[in-house]
Amino acid sequence: MPELPEVEVVRAGLQRHVAGRTVSQVEVLHPRAVRKHVPGAADFAARLTGRRFDAARRRGKYLWIELDGSADAVVAHLGMSGQMLVQPVGAEDETHLRVRVRFADDGPELRFVDQRTFGGLALTELVAQGSGLLPVPIAHIGRDPLDPEFDLAAGVAALRGRRTEVKRALLDQTLVSGIGNIYADEALWRTRLHWARQTAGLTRAKAGELLEAATEVMREALVAGGTSFDALYVNVNGQSGYFDRSLAAYGQENRPCGRCGTAIIREAFMNRSSFSCPRCQPRPR
DNA sequence: ATGGGCTCCTGATGGC
DNA sequence: TGCCATCAGGAGCCCA
């Protein structure tokens with residue numbers, strides 16, 4: 001379940017292992033992996049071949065690698081189960097290997113592995129936004145809280161401007177990006193807010209507290225996740241070490257709340273699970 | 001415009 | 001052992 005911290009670990013790995021290298025061959029093993037590349041798999045492979053990877057960048061849960069210092073980039077989203085692996089040429093194919101990229105230096109190849117194929121790659125143009133360049137398909141999403149140019153007041157205003165439940169707003173990538181189901185539940189727990197609270201009823205201060213909690217929990221996860229990847233794997237499995245260890249609410253059904261000891265409950269919301277403490281995070285009436 | 005529900009996909013798990 | 005239901009869930013898409 002890669003959310004921002006996990007994706008950032010992948011980005012750092014890409015920067016380290018594939019930046020500066022020239023693509024010699026691209027193999028698309030599953031067409032769905034490049035479905036966002038409208039001209040199709042053959043076009044994707046042809047246009048990527050011969051290009052040099054430059055900087056690996058990220059916004060929210062999206063990654064992209066700039067090409068040749070040009071106005072093009074390969075954009076990637078890991079979806080629910082995507083992984084970027086750096087493997088020696090000749091290593092056995094993973095069961096869910098979807099795209100293979102080989103390099104002119106004959107060094108380790110880059111593999112996009114994705115069991116459930118919610119993720120994917122595409123070649124797109126970059127457009128200017130703010131002080132940088134952004135791939136066209138993600139120009140609509142908001143800055144994430146770890147972006148140096150993230151504007152907390154603007155994020156608060158965006159959240160409070162919605163007439164909906166606070167968790168739905170947190171998960172809306174157009175307002176603030178990078179927050180998924182896990183970190184949304186953790187931020188709500190830290191802020192003692194029930195997921196069904198209406199955004200419009202939140203004070204500026206409370207909304208600010210919520211976004212700061214989300215930022216903090218993602219920073220902590222990044223520190224934990226960043227320590228756990230080995231030289232060959234850009235990311236082991238899309239999860240950080242933080243995932244198992246330090247979650248206070250997510251996945252903790254029936255376990256005692258770390259603050260008050262009340263059993264954490266699980267409720268269905270937006271076709272997924274929300275975990276909360278019924279005492280610290282009372283449901284709105 | 002905006003809120004909100006549906007759907008894509010595969011594999012693990014649990015109940016009977 | 002087999003079979004079915006449920007769950008995991010990001011985000012694009014569609015409809016009211």
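So that the names make sense, note that chain A is the first sequence line, chain B the second, and so on, each numbered from 1. These numbers were taken from a predicted model, which means no experiment stands behind them.
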### Query
Which residue pairs pass the salt bridge (Lys or Arg N to Asp or Glu O under 4.0 Å) test when at least one of the two sits in residues 154-163 of chain A, sequence neighbours left out?
R162(A)-D172(A)
Name the atoms and distances for all side-chain donor-acceptor pairs under 3.5 Å in residues 120-129 of chain A, with sequence neighbours left out.
{"unit_1": "Q129(A)", "atom_1": "OE1", "unit_2": "R59(A)", "atom_2": "NH1", "d": "3.1"}
{"unit_1": "Q129(A)", "atom_1": "NE2", "unit_2": "A139(A)", "atom_2": "O", "d": "3.3"}

### Query
In whole Å, what is the span from the CD atom of Q115(A) to the P atom of dC7(C)?
18 Å
### Task
Calculate the interatomic distance between E267(A) atom CD and dC7(C) atom C1'; express it in whole Å.
17 Å
#### Entry: Residues that T203(A) engages under side-chain hydrogen bond (donor to acceptor under 3.5 Å, both in side chains), provided they are two or more places apart
none
### Bounds of contact between DNA chain B and chain A, in 5' to 3' order, using a heavy-atom cut-off under 4.0 Å
dG3(B) to dG11(B)
### Task
Report yes if at least one side-chain N or O of R116(A) is closer than 4.0 Å to OP1 or OP2 of dG10(C); otherwise report no.
no
### Summary
M270(A) atom CE is separated from dA8(C) atom P, nearest whole Å, by 14 Å
### Query
Looking across every strand, which nucleic acid part, if any, lies under 4.0 Å from H140(A) by heavy atom: base, sugar-phosphate, or nothing?
sugar-phosphate
## Note on the structure
From CD1 of I138(A) across to P of dG12(C) the rounded distance in Å is 10 Å
## Note on the structure
For residues 72-86 of chain A, the salt bridge (Lys or Arg N to Asp or Glu O under 4.0 Å) pairs (sequence neighbours left out) are R51(A)-D72(A)
### Message
Please tell me whether V18(A) and V26(A) are part of a single hydrophobic cluster in this structure, the criterion being side-chain heavy atoms less than 4.5 Å apart.
### Response
yes
### Task
Could you tell me whether R35(A) contacts a base, only the sugar-phosphate backbone, or nothing, with contacts defined as non-hydrogen atoms closer than 4.0 Å?
nothing
### Task
Go through the side-chain N and O atoms of K167(A) and S274(A) and say whether any donor and acceptor fall under 3.5 Å apart.
yes
### First of T95(A) and T164(A) reached from the 5' end of DNA chain B, by closest nucleotide
T164(A)
### Task
Toss me the dot-bracket line for DNA chain B: Watson-Crick and G-U wobble, both under 3.5 Å, 5' to 3', using | for pairs to another strand and [ ] for crossers.
.|||||||||||||||
### Query
Quick one: do V75(A) and L110(A) end up in the same hydrophobic cluster if we chain Ile, Leu, Val, Met, Phe, Trp and Tyr together by side-chain heavy atoms under 4.5 Å apart?
no
### Query
When all nucleic acid strands are considered with a 4.0 Å heavy-atom cut-off, which category describes Y62(A): base, sugar-phosphate, or nothing?
sugar-phosphate
### Message
Would you say L146(A) ends up clustered with L134(A) if hydrophobic residues are merged whenever their side chains have heavy atoms under 4.5 Å apart, either directly or through other cluster members?
### Response
no
### Query
Is the NZ or CZ atom of R259(A) both under 6.0 Å from the centre of the six-membered ring of W189(A) and within 45° of that ring's axis?
yes
### Query
K36(A) NZ to dC13(C) P: how many Å, rounded?
7 Å
### Message
Check the phosphate of dA8(C) against S273(A), side-chain N and O only, distance under 4.0 Å to OP1 or OP2. Yes or no?
### Response
yes
### Message
Rounded to whole Å, how long is the line connecting atom CG of D185(A) with atom P of dG10(C)?
### Response
10 Å
### Query
How long is the line joining CZ of F275(A) and C1' of dA8(C), in whole Å?
10 Å
### Message
In whole Å, I'd like the distance from the CZ atom of F269(A) to the P atom of dC7(C).
### Response
16 Å
